[in-house]
Each structure stands twice: as C-alpha cells, then as structure tokens.
Amino acid sequence: WGAQNLGLFSKAGQLVALPSEQIDEPLATVAVPVLSRLGDSPERYRRVYLRMLEKVMLLTMPAITLLIVSADAVVQIILGSQWTAASRIVFFLGIAALFQPVLNTMGWLFLSQGRSREMLQWSMMNAPISIASILFGLRWGPVGVAASYSLTRVIIVNPMVYWLMGRSGPVRTKDLYGHLIPFILASIGAFLACLAFRSFVVLNSTILNVAASGVIILGTTLALLLLFPVGRSALLDVKYLLFFLRPPKSERSFDSGTGGL
C-alpha cells in the first residue's frame with residue numbers, strides 16, 4: 001500500500017502503545033521478582049497479582065479510552081495535522097490496546113511460575129493468528145489491517161491466553177474475568193458518555209475538546225467503578241496510597257511557615 005500508508009500505520013501503532021509502555025514495562029521489573037518470592041504462598045500470590053492488575057487497568061484504560069474516542073483530536077495535537085489520516089487507524093488499534101496492558105501481565109505469571117514452556121507454546125500459537133489477521137485485512141488497506149488485527153485479538157487471542165494461563169497456578173481464568181469485566185464496563189460507559197457530550201457540546205479548541213473529554217472519561221470511569229466491589233477495592237487502595245504519600249503534618253506546617261522554601 002506504499003510508504004505513506006505504512007508511515008500512518010507505524011505512527012498510529014506507536015501512539016496507542018504509549019500508555020501501556022509507560023506503565024507495564026517499568027512495573028514488570030518489580031512484579032516478576034515479587035511474585036516469584038510468593039510462589040510458596042498461592043493465596044498471597046493471587047491477591048498481590050490481582051491488586052497489581054487493578055492498578056494497571058486503572059491507570060491505562062481511561063487514557064486509552066480517551067485515545068479511542070478522541071483519536072482525531074489527539075493525533076492532531078501529538079503528531080500534527082499532516083497525520084490526521086492516522087486517526088481511524090488509532091481508533092481501531094486502540095480497541096486492542098485497551099486489553100494489551102492485561103495481556104502483558106500474563107508474562108509476569110508465566111515467568112514467576114516457571115512456565116516458560118507454556119509461554120513458548122503460546123507464542124507459537126499467537127504468531128500465526130496475528131499474521132493471518134493482518135493478511136485478512138490487507139485488502140482494505142491500513143485501516144482494514146488495524147480493524148482485523150484488533151478484533152482478532154479481542155475475540156480470539158485474549159480469551160485463549162486467559163484460558164491457557166488459568167489452567168494451573170494460583171490465578172485462575174475466572175479471577176481474570178472477575179477483575180477485568182468491571183473495568184471494561186466502566187470504559188464502555190465512559191466512551192458512551194464522552195460521545196454524548198461531543199454530540200451536544202462543540203468546543204472550538206482542539207485542546208479544550210480533549211481536556212473536556214478526559215475529565216468526562218475519568219469521572220465516569222471512577223463513578224462506574226464504585227458500583228463494583230473490585231472497583232471500590234482498587235480505588236480504596238489508591239486512597240490509602242495517596243494518604244501514605246502525604247508529607248507528615250509537621251513537615252507541611254514547616255513548609256507553609258517558610259513559604260515552601
């Protein structure tokens with residue numbers, strides 16, 4: 001399809017991968033050693049992993065939802081007006097990217113449980129499926145490839161790896177779905193709320209449009225997560241974390257008395 005379409009697809013792929021790369025990759029360096037040390041305590045292992053998974057989804061899914069619903073505006077702001085044709089590719093790749101942070105954590109489980117053989121088996125199954133999805137979408141150009149690839153991952157690839165991972169070990173497939181579904185429903189609700197807002201309110205500034213969409217997505221996501229025990233648990237952990245990160249009262253008093261110097 002030519003260098004121009006290849007460039008559009010490449011830039012779109014880099015953009016949608018950004019939230020996942022910023023969160024998952026640094027966290028993996030901590031998660032794998034921690035989980036490895038909990039191998040003798042299955043219940044603690046399960047609890048620690050699921051709590052880390054909650055934070056990964058809480059940090060990445062609202063950002064990726066914003067990327068999907070405001071693909072045109074985000075592309076214009078970050079990449080420039082010359083890349084606006086990439087917005088449809090960003091939209092479809094964003095669907096797969098919404099689940100990618102969860103898929104990345106599967107590697108933590110395989111490695112920390114010493115299941116490298118199963119990880120290799122999965123790679124050998126995943127590669128031909130991904131290649132086939134790309135070839136299938138080629139006839140419709142880069143947008144077709146993005147749509148085919150993303151839908152294949154959401155419908156086929158992700159459920160397969162969840163099943164393979166949950167066959168053994170402390171974390172079962174039902175644990176994954178039990179934590180994933182509330183966040184997916186919250187993301188869908190935030191997506192629809194943002195679409196409704198954009199249908200009735202027209203802002204002249206592209207940056208204001210994205211900022212307003214971000215506020216709506218974040219607020220809707222948090223509100224919907226409060227409806228689920230898993231969501232409330234994740235938000236409560238964040239509340240405790242913010243509490244412990246606050247400076248001591250005496251230090252705050254000193255800062256206010258010295259002008260923050």
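Start at 1 with the first residue, then count along the sequence.
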Value rounded to 0.5 Å, distance of [atom1] in [X] from [atom2] in [Y]:
{"X": "L235", "Y": "E54", "atom1": "CG", "atom2": "CD", "answer": "9.0 Å"}
{"X": "N126", "Y": "L103", "atom1": "CG", "atom2": "CG", "answer": "7.5 Å"}
{"X": "Q113", "Y": "L38", "atom1": "CD", "atom2": "CG", "answer": "11.5 Å"}
{"X": "S70", "Y": "I77", "atom1": "OG", "atom2": "CD1", "answer": "8.5 Å"}
{"X": "L176", "Y": "L53", "atom1": "CG", "atom2": "CG", "answer": "6.5 Å"}

For this session: Answer yes or no: is there an ion pair linking D72 with R198, defined by an N-O contact shorter than 4.0 Å?
Result: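 Looking at D72 and R198, the cut-off is met.
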Exercise. In chain order, what residues pass the side chain to side chain contact (heavy atoms under 4.5 Å, CB included) check against A97, with sequence neighbours excluded?
Worked result: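 Scan of A97 (side chain to side chain contact (heavy atoms under 4.5 Å, CB included), adjacent residues dropped) gives V16, I64.
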Exercise. Side chains of R153 and S133: is there a donor and an acceptor less than 3.5 Å apart?
Worked result: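 Short answer, no.
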Exercise. Side-chain donor-acceptor pair under 3.5 Å between N209 and S205, yes or no?
Worked result: no
Donor-acceptor check, side chain of [X] to backbone of [Y], threshold 3.5 angstrom: yes or no?
{"X": "T220", "Y": "I217", "result": "no"}
{"X": "S150", "Y": "F92", "result": "yes"}
{"X": "T29", "Y": "P26", "result": "yes"}
{"X": "S10", "Y": "L6", "result": "no"}
{"X": "R46", "Y": "R172", "result": "no"}
{"X": "T152", "Y": "S148", "result": "yes"}

Suppose the criterion is ring pair (Phe, Tyr, Trp, His ring centres under 6.0 Å): which pairs have a residue in [range], not counting sequence neighbours?
{"range": "residues 108-161", "result": "F136-W140"}
{"range": "residues 3-55", "result": "none"}
{"range": "residues 188-228", "result": "none"}

Tell me whether [Y] is reachable from [X] by hopping between hydrophobic residues (I, L, V, M, F, W, Y) whose side-chain heavy atoms are closer than 4.5 Å.
{"X": "V74", "Y": "L18", "value": "no"}
{"X": "L185", "Y": "I68", "value": "yes"}
{"X": "I155", "Y": "M165", "value": "yes"}
{"X": "V157", "Y": "L120", "value": "no"}
{"X": "M119", "Y": "Y162", "value": "yes"}

Do you know the tightest heavy-atom contact between [X] and [Y]?
{"X": "P159", "Y": "V154", "result": "CD-O, 3.4 Å"}
{"X": "A146", "Y": "I89", "result": "CB-CG2, 3.8 Å"}
{"X": "P170", "Y": "P42", "result": "CB-O, 3.4 Å"}
{"X": "V145", "Y": "I134", "result": "CG2-O, 3.8 Å"}
{"X": "G178", "Y": "V230", "result": "O-CG2, 3.7 Å"}
{"X": "M61", "Y": "S187", "result": "CB-OG, 3.7 Å"}

Exercise. Can you tell if the side chain of M52 reaches within under 4.5 Å of the side chain of V30, non-hydrogen atoms only?
Worked result: no
Exercise. Is the closest side-chain heavy-atom distance between V102 and T60 below 4.5 Å?
Worked result: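 No. Closest side-chain heavy atoms not under 4.5 Å.
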Seminar exercise, completed: Connected to V215, directly or through other members, by ILVMFWY side-chain contacts below 4.5 Å are none
Exercise. side-chain contact (heavy atoms from CB on, under 4.5 Å) between S168 and E118: does it pass, once the steps are laid out?
Worked result: CA-CA 11 Å; S168 61; E118 290 178 76; 4.2 Å; yes
Problem set entry | Sequence neighbours excluded - side chain to side chain donor-acceptor pair (under 3.5 Å) pairs with any residue from residues 75-101 | Q100-N104
